[in-house]
Asker: 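Below is one structure. I have some questions about it.
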Amino acid sequence: MIDYTCPRRSNLDRHMKSHTDERPHKCHLCGRAFRTVTLLRNHLNTHTGTRPHKCPDCDMAFVTSGELVRHRRYKHTHEKPFKCSMCDYASVEVSKLKRHIRSHTGERPFQCSLCSYASRDTYKLKRHMRTHSGRTSPLTLLGRFKRHCLQVEKRDLLGFVI
DNA sequence: CCTCCGTAGCGCCCCCTGCTGGG
DNA sequence: CCCAGCAGGGGGCGCTACGGAGG
């Protein structure tokens, strides 16, 4: 149990609601319900495609201000606030740093239910599961084809030089 | 009280790369 | 030797949840 304190009664009232299942703000398009009108508005924007937060440096736009800040760090400011204490790696998002740290610790929290394989991140496990279903995704195949073309190109180029 | 903003967190997907085993 | 399959490391975005604080 984490103690929550705040300077305002109104914020405490709001916080107390987070302990209930109360979600009075319902989306009329999909039926999903939210605690606050702001969350509902953001959600509705994902239905309508409304993206109020425009990037000043490119054509991208986002539903929330936080997404815009993150985008600008990735693409424009290159600010990486989360530094690895064991190497020079730094990242825009703390979740990426956590994923990176697992490559130092060797931790593999995501266990395959069908074999002994365990992954350091959720998506790698999901990708691995395709090997059990016998399905290779079209995107993987596209990647293979691109690499194949590059290999052929490189080979032809070397052949030409030699 | 309403609302905006910043932050945290989980998820999804992609790219590039190295390794490996079979043809 | 070549190539396809697979896993590792990392970049980027989608979306929800929550708390601080200004109006």
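Chain letters run A, B, ... following the sequence lines, proteins first, then strands; residues in each count from 1. Hydrogens, waters and symmetry mates play no part in the numbers below; they use all other heavy atoms, side chains included.
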Asker: Please confirm whether any donor atom in the side chain of A:Arg127 sits under 3.5 Å from an acceptor in the base of C:dG8, or the reverse.
Answerer: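 When only heavy-atom distances are counted, A:Arg127 does reach the base of C:dG8 through a donor-acceptor pair under 3.5 Å.
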Asker: Between C1' on C:dG23 and CG on A:Asn11, what's the gap in Å once rounded to a whole number?
Answerer: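 From A:Asn11 CG to C:dG23 C1': 14 Å.
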Asker: May I ask you to evaluate whether A:Tyr117 reaches the phosphate of C:dG8, defined as a side-chain N or O under 4.0 Å from OP1 or OP2?
Answerer: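 So the side chain of A:Tyr117 is within the cut-off, an N or O lying under 4.0 Å from OP1 or OP2 of C:dG8.
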Asker: Heavy atoms from C-beta onward define the side chain here; which of B:dC2, C:dT16, B:dT3 lies closest to that of A:Thr46?
Answerer: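 Minimum distance to the A:Thr46 side chain belongs to C:dT16.
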Asker: May I ask you to list the residues sharing a hydrophobic cluster with A:Tyr74, side-chain cutoff 4.5 Å, ordered by chain and number?
Answerer: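 Answer for A:Tyr74: A:Val92.
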Asker: Would you list the protein and nucleotides 4-10 of chain B atom pairs, both N or O, that sit under 3.5 Å from each other?
Answerer:
| residue | atom | partner | partner atom | Å |
| --- | --- | --- | --- | --- |
| B:dC4 | OP2 | A:Arg41 | NH1 | 2.6 |

Asker: Between A:Tyr74 and C:dG10, is there a side-chain N or O to OP1/OP2 distance below 4.0 Å?
Answerer: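 The answer is no; no side-chain N or O of A:Tyr74 sits under 4.0 Å from OP1 or OP2.
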Asker: Does anything in residues 78-88 of chain A pair up under salt bridge (charged side-chain N to carboxylate O under 4.0 Å, His left out), and if so which pairs, sequence neighbours excluded?
Answerer: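 Salt bridge (charged side-chain N to carboxylate O under 4.0 Å, His left out) check on residues 78-88 of chain A returns A:Arg73-A:Glu79.
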Asker: Which residues end up grouped with A:Leu40 if you chain together Ile, Leu, Val, Met, Phe, Trp and Tyr wherever their side-chain heavy atoms are less than 4.5 Å apart?
Answerer: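 Same cluster as A:Leu40: A:Leu29, A:Phe34, A:Leu39, A:Leu44.
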Asker: Between A:His43 and C:dT16, does any side-chain N or O lie under 4.0 Å from OP1 or OP2?
Answerer: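 A:His43 to C:dT16 OP1/OP2: side-chain N or O found under 4.0 Å.
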Asker: Please give, in whole Å, the distance from C:dT16 P to A:Phe34 CZ?
Answerer: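 For the pair A:Phe34 CZ and C:dT16 P, the rounded distance is 5 Å.
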Asker: At a cut-off of 3.5 Å, list every protein nitrogen or oxygen paired with a nitrogen or oxygen from nucleotides 21-23 of chain B, distance to 0.1 Å.
Answerer:
none

Asker: Below 3.5 Å, does any donor atom in the side chain of A:Lys75 face an acceptor in the base of C:dG11, or the other way round?
Answerer: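 Looking at the base of C:dG11, it does not pair with any donor or acceptor on the side chain of A:Lys75 (distance under 3.5 Å).
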Asker: Nearest whole angstrom, please: distance from the C1' of C:dG11 to the CD of A:Glu79.
Answerer: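 Value for this atom pair: 16 Å.
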Asker: Can you tell which of C:dC6, C:dT16, C:dG10 lies closest to the side chain of A:Thr131?
Answerer: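 Looking only at side-chain atoms, A:Thr131 lies closest to C:dC6.
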Asker: Can you name the closest pair of heavy atoms from A:Met129 and A:Leu114 and give their distance?
Answerer: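 The pair with the smallest heavy-atom distance is CE-CD1, 3.8 Å.
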Asker: For the residue pair A:Arg72 and A:Pro56, establish whether any side-chain heavy-atom pair is separated by less than 4.5 Å.
Answerer: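 The answer is yes; the side chains approach within 4.5 Å.
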Asker: Work out which heavy atom in A:Ser91 is nearest to a heavy atom in A:Leu97; give both atom names and the distance.
Answerer: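 Smallest heavy-atom distance, with atoms named: OG-N, 3.5 Å.
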Asker: Let's test your reading of the model: under 3.5 Å, does the base of C:dA17 pair with the side chain of A:Arg35 as donor and acceptor?
Answerer: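 There is none.
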Asker: Strictly by side chain to side chain donor-acceptor pair (under 3.5 Å), give each pair with a member in residues 101-118 of chain A just once, sequence neighbours left out.
Answerer: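 Counting only pairs at least two positions apart or across chains, the side chain to side chain donor-acceptor pair (under 3.5 Å) contacts touching residues 101-118 of chain A are A:His100-A:His104.
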Asker: Mind calculating the distance between NE2 (A:His128) and C1' (C:dC6) to the nearest angstrom?
Answerer: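 Between C1' of C:dC6 and NE2 of A:His128: 10 Å.
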Asker: Around atom NE2 of A:His78, are there more than 12 heavy atoms of other residues, nucleotides or ligands at under 6.0 Å?
Answerer: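 More than 12 heavy atoms, drawn from other residues, nucleotides or ligands, come within 6.0 Å of this atom.
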Asker: So what does A:Arg9 touch, heavy atoms closer than 4.0 Å: a base, only the sugar-phosphate, or nothing?
Answerer: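 Touches nothing.
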Asker: For A:Arg72, which contact category applies under a 4.0 Å heavy-atom criterion: base, sugar-phosphate, or nothing?
Answerer: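 No contact.
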Asker: Keeping to residues at least two apart or across chains, list the salt bridge (charged side-chain N to carboxylate O under 4.0 Å, His left out) pairs with something in residues 25-43 of chain A.
Answerer: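 Found none.
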Asker: Look at the side chain of A:Lys126 and decide which nucleotide, out of C:dG10, C:dA7, B:dC13, has an atom nearest to it.
Answerer: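 My answer, after comparing the listed nucleotides, is B:dC13.
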Asker: Which listed nucleotide (B:dC1, C:dG8, C:dT16) is nearest to the side chain of A:Arg120?
Answerer: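 Minimum distance to the A:Arg120 side chain belongs to C:dG8.
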Asker: Using the test side chain to side chain contact (heavy atoms under 4.5 Å, CB included), find all partners of A:His71 that sit at least two apart in sequence or belong to another chain.
Answerer: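 In terms of side chain to side chain contact (heavy atoms under 4.5 Å, CB included), with neighbours along the sequence ignored, A:His71 is linked to A:Cys55, A:Cys58, A:Met60, A:Phe62, A:Leu68, A:Lys75, A:His76.
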Asker: Given atom CG of A:Leu39 and atom P of B:dC2, what is their separation to the nearest angstrom?
Answerer: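 For the pair A:Leu39 CG and B:dC2 P, the rounded distance is 15 Å.
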Asker: Just call it for A:Val37: base, sugar-phosphate, or nothing, with non-hydrogen atoms closer than 4.0 Å on any strand.
Answerer: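 A:Val37: backbone/sugar contact only, no base atoms under 4.0 Å.
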Asker: Just how far, in rounded Å, is P of C:dG14 from NE2 of A:His71?
Answerer: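 My rounded result for the distance is 10 Å.
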Asker: Rounded to the Å, how far apart are A:Tyr123 OH and C:dA7 P?
Answerer: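 So the two atoms are 12 Å apart, to the nearest Å.
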Asker: Nearest whole angstrom, please: distance from the P of B:dC2 to the CG of A:Leu40.
Answerer: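 Whole-Å distance recorded here is 15 Å.
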Asker: Quick one: side chain to side chain contact (heavy atoms under 4.5 Å, CB included) partners of A:Thr64, sequence neighbours excluded?
Answerer: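 A:Thr64: side chain to side chain contact (heavy atoms under 4.5 Å, CB included) contacts with A:Asn42, A:Glu67.
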